[in-house]
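In what follows, a single structure is set out as structure tokens and then discussed.
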Amino acid sequence: MASAPTTMAITSGRNFWCLCSSILLVVATPLVAAETKLFESVQVTPASEYTFGIEGPAADLDGNLFVVNFGKPGTIGRLPAGGAASEAFTALPEGSVGNAIRFDRNGTMFIADYKKHNIFAIPKGSSEPGVWFHSDEMNQPNDITIARDGTIYASDPNWKGREGHVWRIAKAADGTVQGQVMSAPRAMGTTNGIDLSPDGNTLYVGESSSGQVWSYTIRGNALTDAKLVKAFQPDTIDGLRTDITGRLYVARILKGTIALMKPNGAVEREIALRAKEPTNLAFGGGDGKTVFVTQRQGGFIESFRTDQQGREHCLQRGRC
């Protein structure tokens, strides 16, 4: 008789433990799902950290995100890996204002200075910018992308004239850095967002004035085989990036989305954002599948998860 209560207590305890475990499982499962849900954007940093000129996001190998115009023009902010607020990283020389950041395979940071017509370089482990290329013949530069061999392609818009072109900037055999306007088979609009295909043979260029995205085959200093990839409404596109499958992610400024589309221009989805004025985007995170978006409306950074890593993330790790 005395053993009955003990048996009941053990049975009740087991049932209670099982019930608690089930509750924990039910509670935990949605949280895990929420963390890994694709294409759902969340605000990462507080509003007004960056100026109206928030642009140029790029992530390094350690997962830090760098964005131009932190607090005031001419600065660069850093969002530490996993962080929820940015911090000051460096400032450009007086009068210079950054618009784009990219990293090469050696970890060197390159910054497009649209005010003083420079490309700055900051070696890995440093925070001191030095002029890597300068040309008074440039209108800006605006956005840049980097090839496997270190060649930089820079969009160079003339906003008032609603036209533009692309520069090719690379080291010559004697070690000097040289740049020139690339010839093209058509007159371009205001060249803005720019990126390469995973194999490095195709250059994608967005034109803000027309809302069009074009692709070109790269042949030395010439752009050939011009193809219209997609025509959006005029003045509704800004920065763009590619992933390792060749898909394009286009910032739809004023619409508040990122258009995810195939190389043939077929739009797979429009990813809704937290604010309406995305200027640019970059892949980061440990696996290169977190997309960070700079928001002019609100001056903050938001992010979402995608199913493929970015081309640049793959390139930095020597895998592409």
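Everything quoted here is computed from the prediction, not taken from an experiment.
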Less than 3.5 Å apart, any donor N or O on the side chain of [X] or [Y] sitting next to an acceptor on the other?
| X | Y | answer |
| --- | --- | --- |
| Asn99 | Asp113 | no |
| Asp149 | Thr151 | yes |
| Asp156 | Gln140 | no |
| Thr145 | Asp195 | yes |
| Tyr216 | Arg186 | yes |
| Tyr249 | Asp243 | yes |

Any heavy-atom pair between the side chains of [Y] and [X] that's under 4.5 Å?
| X | Y | answer |
| --- | --- | --- |
| Lys230 | Gln212 | no |
| Cys320 | Arg311 | no |
| Val68 | Ile101 | yes |
| Trp214 | Val229 | no |
| Val213 | Glu207 | no |
| Met138 | Trp167 | yes |
| Glu55 | Asp238 | yes |
| Cys314 | Phe283 | no |

With a 4.5 Å cut-off on side-chain heavy-atom distances among I, L, V, M, F, W and Y, is there a chain of contacts connecting [X] to [Y]?
| X | Y | answer |
| --- | --- | --- |
| Met188 | Met182 | yes |
| Ile146 | Leu196 | no |
| Leu92 | Phe66 | yes |
| Phe120 | Phe89 | yes |
| Phe103 | Leu65 | no |

Are Arg247 and Asp307 within salt-bridge range, i.e. N to O under 4.0 Å? yes
Output the distance between atom [atom1] ([X]) and atom [atom2] ([Y]), rounded to the nearest 0.5 Å.
| X | Y | atom1 | atom2 | result |
| --- | --- | --- | --- | --- |
| Leu203 | Asp225 | CG | CG | 12.5 Å |
| Gln43 | Ile301 | CD | CD1 | 10.0 Å |
| Thr245 | Gln309 | OG1 | CD | 10.5 Å |
| Thr108 | Trp132 | OG1 | CH2 | 9.5 Å |
| Asn69 | Thr51 | CG | OG1 | 4.0 Å |
| Ile144 | Phe110 | CD1 | CZ | 8.0 Å |

Any sub-3.5 Å donor-acceptor pair from [X]'s side-chain atoms to [Y]'s backbone N or O?
| X | Y | answer |
| --- | --- | --- |
| Arg168 | Gln180 | no |
| Ser41 | Ser303 | yes |
| Thr294 | Asn280 | yes |
| Thr290 | Gly285 | no |
| Thr257 | Glu270 | no |
| Thr236 | Gln233 | yes |

Stepwise salt bridge (charged side-chain N to carboxylate O under 4.0 Å, His left out) test for Arg274 and Glu302: CA-CA 7 Å; Arg274 294 293 173 174; Glu302 58 180 285; 5.4 Å; no
Among Gln295, Arg296, Arg252, Lys255, find the residue that satisfies the side-chain hydrogen bond (donor to acceptor under 3.5 Å, both in side chains) test when tested with Glu277. Arg296
In this structure, are over 12 heavy atoms from other groups packed under 6.0 Å from Glu268 atom CD? yes
cation_pi(Arg305, Phe39) dist<6.0 Å, angle<=45: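 Judged by the rule, Arg305 and Phe39 form no cation-pi pair.
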Those residues that, when tested against Thr190, pass side-chain contact (heavy atoms from CB on, under 4.5 Å) (two or more places apart):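 For Thr190, the residues satisfying side-chain contact (heavy atoms from CB on, under 4.5 Å) (neighbours in sequence not counted) are Pro157, Trp159, Arg162, Ser208, Ser209.
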